[in-house]
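Notes follow the structure.
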Protein chains: 2
Amino acid sequence: MQSYTEENYLKVIYHLSEISHPVQTNAIAERIQTKAASVTDMIKKLSEKELVHYVKYQGVTLTEKGKLTAINIVRKHRLWEVFLVDKLNFKWDEVHEVAEELEHIQSNLLIERLDEFLDFPKVDPHGDPIPDKHGNFAEMTFVKLSKLKNGDKGNITGVSEHSSPFLKHLEKLGLTLGKRVEVVDVVEFDGSVELLLEQEKLNISREVAKHILITKN
Amino acid sequence: MQSYTEENYLKVIYHLSEISHPVQTNAIAERIQTKAASVTDMIKKLSEKELVHYVKYQGVTLTEKGKLTAINIVRKHRLWEVFLVDKLNFKWDEVHEVAEELEHIQSNLLIERLDEFLDFPKVDPHGDPIPDKHGNFAEMTFVKLSKLKNGDKGNITGVSEHSSPFLKHLEKLGLTLGKRVEVVDVVEFDGSVELLLEQEKLNISREVAKHILITKN
DNA sequence: GATTATTTTTAGATTTGTCTAAATTAATAG
DNA sequence: CTATTAATTTAGACAAATCTAAAAATAATC
Ligand SMILES: [Mn+2]
Ligand SMILES: [Mn+2]
Ligand SMILES: [Mn+2]
Ligand SMILES: [Mn+2]
């Protein structure tokens, strides 16, 4: 059994592992909104508990045990996000903060029943995959919209940025999950993208395009 | 904003206030599973924050601010219990522990939406009243089954004991919320009660009868 | 390869909530 | 009204998680 705080560290290390191996102290500190010294202390504790593998001055990687724990927290986070959107009519930009709290509720029965109640969803409101109770993810085949060429078509199946301003912006443009888009032109000058969305033309910045995930077809 | 721990103290003081005024240190210690010395420390802190009124060696009472905070936690606890039973098919003896955790989730939007999703329930799965968002309770007119006389009739509308063994026992006997019962005889020797429940005769101990709440009619 | 600059770790302190043991106050009994 | 008992509070310590400031290790630069 881990504390609320330990769980947050494990989750952050898990997410950062997708970017760098091993994960650096400063990177964790920034994500968790704390100081490097505090991170070092906590890393030692997690290392004691064999949840992470730690080499001084090098960084940390999750052990198998640590990884499973982290994935379970991610599972809970994403299931709660689905609950908030599907059942309580939250918008996709309103769910993250609340899920940050709900993900730490302990009961296994609760989470399995919730999964069932939600009809075993495979992705959360941002298109992120929801692992099953054994920690297995369904394979996802995303491409960043910014990587598409003229004439490429596909559906929006995810976003890689979860901030409320970004999500509200997409909402306003009509670029929500499931929508079909076609790339008309990638402007050479600034990398912005001309899109066709349901017959309508639309220009989005490269910055926005980088955070929209497309399944081509 | 109060910590998880402070919220638990306030809730316990609130419940104990129904029994004694002011609430004693030892009573709190027993409920919260801690030592009297720890309670004294916390009481001082809550007193600093003007959540309780404290007189050394006498005990504590909630201030208006403390009472409202406590009632809000009770509201959240009971709404989550309804959610678990009505939506996730938990049994009435399985919900309390999980609700002890869920009651500390912060979002107001969450709890108002949950209330709406559950269709504004007035009582929780144990028949306890759910206060509205302003802290107002609907009036309840319970009588302990153990106080009824021969020939009295009514419906089970609550229980005053929430332990799993007790609730499972009632479940097995068929004495669940809403059921109609009639007192056939109160046995003088041991105070046990002969009941009529849906044409069937049934004998329950005085101890059990004391924790069943009846609305006479 | 020596010299900076950056990153990370240690040392020592702080806050929150808890504990044990001792001291104090209040309640009860003779 | 004094003696004993029970309840409560204080004193001092501890674990968890954090911080600042200083030291140490690593990386980058000349
Ligand atoms: Mn999220
Ligand atoms: Mn998400
Ligand atoms: Mn309960
Ligand atoms: Mn209840």
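Chain A is the first sequence line, chain B the second, and so forth, proteins listed ahead of strands; every chain is numbered from 1. Below, each value reflects all heavy atoms present in this structure, side chains not excepted, and no hydrogens, waters or symmetry copies. In this text the structure is predicted, and so the values were computed from the model without any measurement.
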Legend entry - side-chain N/O A:Lys35 vs D:dA21 OP1/OP2, d < 4.0 Å: no
Legend entry - Residue-phosphate contact under 4.0 Å: A:Lys56 side-chain N/O, D:dT26 OP1/OP2: no
Legend entry - Below 4.0 Å: OP1/OP2 of C:dC19 and any side-chain N or O of B:Thr34: yes
Legend entry - Interatomic distance, B:Lys44 NZ vs D:dT8 C1' [rounded to whole Å]: 10 Å
Inset, instruction - Name the closest nucleotide to the B:Tyr54 side chain, picking from C:dT10, D:dT9, C:dT7. - result: D:dT9
Inset, instruction - Please report, rounded to the nearest Å, how far the C1' atom of C:dA27 is from the CD atom of B:Gln24. - result: 11 Å
Legend entry - Touch class at under 4.0 angstrom, heavy-atom based, for A:Ser38 against every strand present: base
Inset, instruction - Check the distance between D:dG12's C1' and B:Asp41's CG and give it to me in whole angstrom. - result: 11 Å
Legend entry - Euclidean distance, atom CD1 of residue B:Ile28 to atom C1' of D:dT8 [Å, nearest integer]: 12 Å
Inset, instruction - Please work out which of the three classes, parallel, tilted or perpendicular, describes the rings of A:Trp92 and A:His126, given edges at 30° and 60°. - result: parallel
Legend entry - Nearest-nucleotide pick for B:Ala36, side chain only, options being C:dT10, D:dT9, D:dA25: D:dT9
Legend entry - Nucleotide nearest A:Tyr57 when distance is taken to its side chain, options C:dT25, D:dT10, C:dT8: C:dT8
Legend entry - Touch class at under 4.0 angstrom, heavy-atom based, for B:Tyr9 against every strand present: sugar-phosphate
Inset, instruction - Using atom CD1 of A:Ile32 as one end and atom P of D:dC19 as the other, report the distance to the nearest whole Å. - result: 11 Å
Legend entry - C:dT16 phosphate, OP1 or OP2, under 4.0 Å from B:Ser3 side-chain N/O: no
Inset, instruction - Classify the angle between the aromatic ring planes of A:His96 and A:His162 as parallel (below 30°), tilted (30 to 60°) or perpendicular (above 60°). - result: tilted
Inset, instruction - Please lay out, stage by stage, how B:Lys11 and B:Glu100 fare under the test salt bridge (Lys or Arg N to Asp or Glu O under 4.0 Å). - result: CA-CA 11 Å; B:Lys11 192 184 57 165; B:Glu100 286 290 305; 2.8 Å; yes
Legend entry - Reference residue A:Pro121; test side chain to side chain contact (heavy atoms under 4.5 Å, CB included); the match among A:Asp86, A:Asp115, A:Val85: A:Asp115
Inset, instruction - Considering just the side-chain nitrogens and oxygens of B:Asn26, establish if one lies under 4.0 Å of OP1 or OP2 belonging to D:dA6. - result: no
Inset, instruction - Would you kindly give the CE-to-C1' distance between A:Met42 and C:dT10, to the nearest whole Å? - result: 17 Å
Inset, instruction - To the nearest Å, give me how far apart CG (A:Leu46) and C1' (D:dA16) are. - result: 13 Å
Inset, instruction - For the pair B:Thr63 (side chain) and B:Leu51 (backbone), establish whether a donor and an acceptor sit closer than 3.5 Å, ignoring hydrogens and angles. - result: yes
Inset, instruction - Describe the nucleic acid contact of A:Thr5 in one word from base, sugar-phosphate, nothing, applying a heavy-atom distance below 4.0 Å. - result: sugar-phosphate
Inset, instruction - Whole angstrom is fine here: how far is it from NZ in B:Lys49 over to C1' in C:dT15? - result: 12 Å
